[in-house]
Asks: 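Take a look at this one; I'll ask things after.
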Amino acid sequence: MLSYRHSYHAGNHADVVKHLVQVAIVDYLLQKDKPFCYHDSHAGAGLYSLLAEKAQKTGEYQGGIGKLWQYQATSPALAHYIALIKQLNPDGELAFYPGSPKIAAMLLRAGDSIQATELHPTDYPILASQFARRRHSRIEHMDAWAGFKAMLPPLHKRGLVLIDPPYELKTEYQDVVAGLQSAYQRFPQATYAIWYPVIERAAVEAFISAIVATGIKDQLRIEYCPLPDSSGFGMTGSGMLVINPPYTLANDMRAALNELAPLLSAEGEFQVHQLVPE
């Protein structure tokens with residue numbers, strides 16, 4: 001269960017889509033003066049070296065952020081996402097890639113709160129050390145679903161909850177549905193962004209149908225696949241299912257993915273559509 005290490009996959013095409021959506025949602029939340037809470041369910045190590053052995057072994061980042069980070073984007077969400085990566089690599093060499101909690105830390109204001117849970121015994125202390133001096137942060141060595149019960153609802157009544165398990169076990173798909181329902185009951189006004197891999201199309205659609213069947217309203221599906229669907233074992237794409245999305249998110253993502261897709265793959269396809277109305 002704890003064999004997954006994101007350091008092998010940091011900065012790949014799935015990270016690009018996930019973090020593009022994250023940046024767009026956070027940017028929207030930042031438009032209001034009132035503070036909000038960012039909660040990360042499977043936070044990982046927070047920051048990854050792309051020059052380290054693990055990233056170099058797979059080279060996955062070369063098919064993701066490696067193709068983008070020097071690109072001059074025109075869509076605002078994509079431009080801001082790329083600007084964050086450049087900010088993290090001021091020397092002009094792509095050496096580091098931020099995980100979702102690091103991106104949150106780069107974007108959030110001092111009065112906004114950050115919550116994160118990570119169960120891996122190696123990644124947790126690395127993550128926690130990055131927030132040791134930040135006020136309004138709570139980083140726990142805890143199972144994601146226990147974290148929902150322990151930390152939601154937060155003091156702030158606005159927020160983003162990012163859910164992105166590794167899906168190492170088939171049961172994790174059911175765990176996400178149950179965990180989402182638990183979190184939503186506690187914090188229904190939050191925006192929820194649920195990452196999922198596209199490996200086998202029938203399994204993906206069954207998972208999406210299960211989330212739709214919860215009866216939770218206002219669900220937006222965002223998906224990008226640089227490769228065509230396959231019956232094999234490799235990830236051909238990924239998506240984000242967003243609950244209570246900002247009203248601007250669908251159009252923002254259509255513009256960003258329309259620009260992004262041909263940069264990453266000649267045969268890539270994306271979709272952005274409302275699954276469940278408000």
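Heavy atoms only: backbone and side chains are in, while hydrogens, waters and symmetry mates are out.
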Asks: Under 4.5 Å between side-chain heavy atoms, counting indirect links through other Ile/Leu/Val/Met/Phe/Trp/Tyr residues: same cluster for Met151 and Ile194 or not?
Replies: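 Different hydrophobic clusters.
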Asks: Closer than 3.5 angstrom, by distance alone: can the side chain of Tyr124 be matched with the main-chain N or O of Ile139 as a donor-acceptor pair?
Replies: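 Pair found, side chain donor or acceptor close to backbone of Ile139.
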Asks: If you look at every heavy atom in Ala250 and Val272, which pair is closest and at what distance?
Replies: O-CG1, 3.7 Å
Asks: Transitively linked via ILVMFWY side-chain contacts under 4.5 Å: Ile82 with Leu107?
Replies: yes
Asks: Kindly indicate whether the side chain of Lys217, heavy atoms from C-beta on, has any atom under 4.5 Å from the side chain of Glu278.
Replies: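 In short, these two side chains do not touch, never coming nearer than 4.5 Å.
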Asks: Can you confirm whether more than 12 heavy atoms, excluding those of Glu53, are under 6.0 Å from its CD atom?
Replies: no
Asks: For the side-chain contact (heavy atoms from CB on, under 4.5 Å) test, which of Leu68, Leu51, Ile65 pairs with Leu94?
Replies: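 It is Ile65, the one option of Leu68, Leu51, Ile65 that forms the side-chain contact (heavy atoms from CB on, under 4.5 Å) with Leu94.
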Asks: Does Lys18, at its NZ atom, have more than 12 non-hydrogen atoms belonging to other residues, nucleotides or ligands within less than 6.0 Å?
Replies: yes
Asks: Between the side chain of His13 and the main-chain N/O of Gly64, is any donor-acceptor distance below 3.5 Å?
Replies: no
Asks: According to a 4.5 Å side-chain heavy-atom criterion applied to Ile, Leu, Val, Met, Phe, Trp and Tyr, with indirect links allowed, do Ile243 and Ile208 form part of one hydrophobic cluster?
Replies: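 Per the 4.5 Å side-chain linkage, Ile243 and Ile208 are co-clustered.
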Asks: Would a distance-only check, ignoring hydrogens and angles, find a side-chain to backbone donor-acceptor pair under 3.5 Å from Glu93 to Asn89?
Replies: no
Asks: Name the orientation class of the two ring planes belonging to Tyr184 and Tyr192 (parallel below 30°, tilted from 30 to 60°, perpendicular beyond 60°).
Replies: tilted
Asks: Do Lys170 and Glu200 pass the salt bridge (charged side-chain N to carboxylate O under 4.0 Å, His left out) test, and can you show the C-alpha distance, the side-chain angles, and the key distance before you say yes or no?
Replies: CA-CA 12 Å; Lys170 289 184 177 181; Glu200 199 279 314; over 6 Å; no
Asks: Distance-only, no hydrogens or angles: does the Glu118 side chain make a donor-acceptor pair with backbone N or O of Gly44 under 3.5 Å?
Replies: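 Such a contact is found between Glu118 side chain and Gly44 backbone.
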Asks: Whether the side chain of Asn244 engages the backbone of Asp218 through a donor-acceptor N/O pair (distance < 3.5 Å, no angle test) should be reported.
Replies: no
Asks: Say whether, by atom type as modelled, one donor and one acceptor occur between the side chain of His120 and the main chain of Thr122 under 3.5 angstrom.
Replies: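 Yes, the answer is positive, given that a donor and an acceptor are paired below the 3.5 Å cut-off.
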Asks: So, Lys67 side chain and Leu264 main chain: donor-acceptor pair closer than 3.5 Å or not?
Replies: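 Yes.
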Asks: Quick one: do the Gln22 and Ser100 side chains pair a donor with an acceptor below 3.5 Å?
Replies: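 No, Ser100 and Gln22 have no side-chain donor paired with an acceptor closer than 3.5 Å.
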Asks: Would you say Met142 and Trp145 are hydrophobically clustered, going by side-chain heavy atoms of ILVMFWY under 4.5 Å?
Replies: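 Per the 4.5 Å side-chain linkage, Met142 and Trp145 are not co-clustered.
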Asks: For atom CZ of Phe96, is the number of surrounding heavy atoms from other residues, nucleotides or ligands below 6.0 Å larger than 12?
Replies: no
Asks: Taking the six-membered ring for Trp, are Tyr167 and Trp195 parallel (under 30°), tilted (30 to 60°) or perpendicular (over 60°)?
Replies: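 It falls in the tilted class, 30° to 60°.
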Asks: Any donor and acceptor pair, going by atom type alone, linking the side chain of Thr191 with main-chain N or O of Leu160 inside 3.5 Å?
Replies: no
Asks: Just by modelled atom types, is the Tyr8 backbone N or O under 3.5 Å from a matching donor or acceptor in the Thr58 side chain?
Replies: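 Yes, Thr58 side chain to Tyr8 backbone: donor-acceptor pair under 3.5 Å.
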Asks: Between the main-chain N or O of Ile211 and the side-chain N or O of Gln219, is there a donor-acceptor pair closer than 3.5 Å?
Replies: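 Yes, Gln219 side chain to Ile211 backbone: donor-acceptor pair under 3.5 Å.
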Asks: Do Glu223 and Tyr196 get their side chains close enough for a donor-acceptor pair, meaning under 3.5 Å?
Replies: yes
Asks: Is it true that atom CD of Gln181 has more than 12 heavy atoms of other residues, nucleotides or ligands lying nearer than 6.0 Å?
Replies: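 More than 12 within 6.0 Å, yes.
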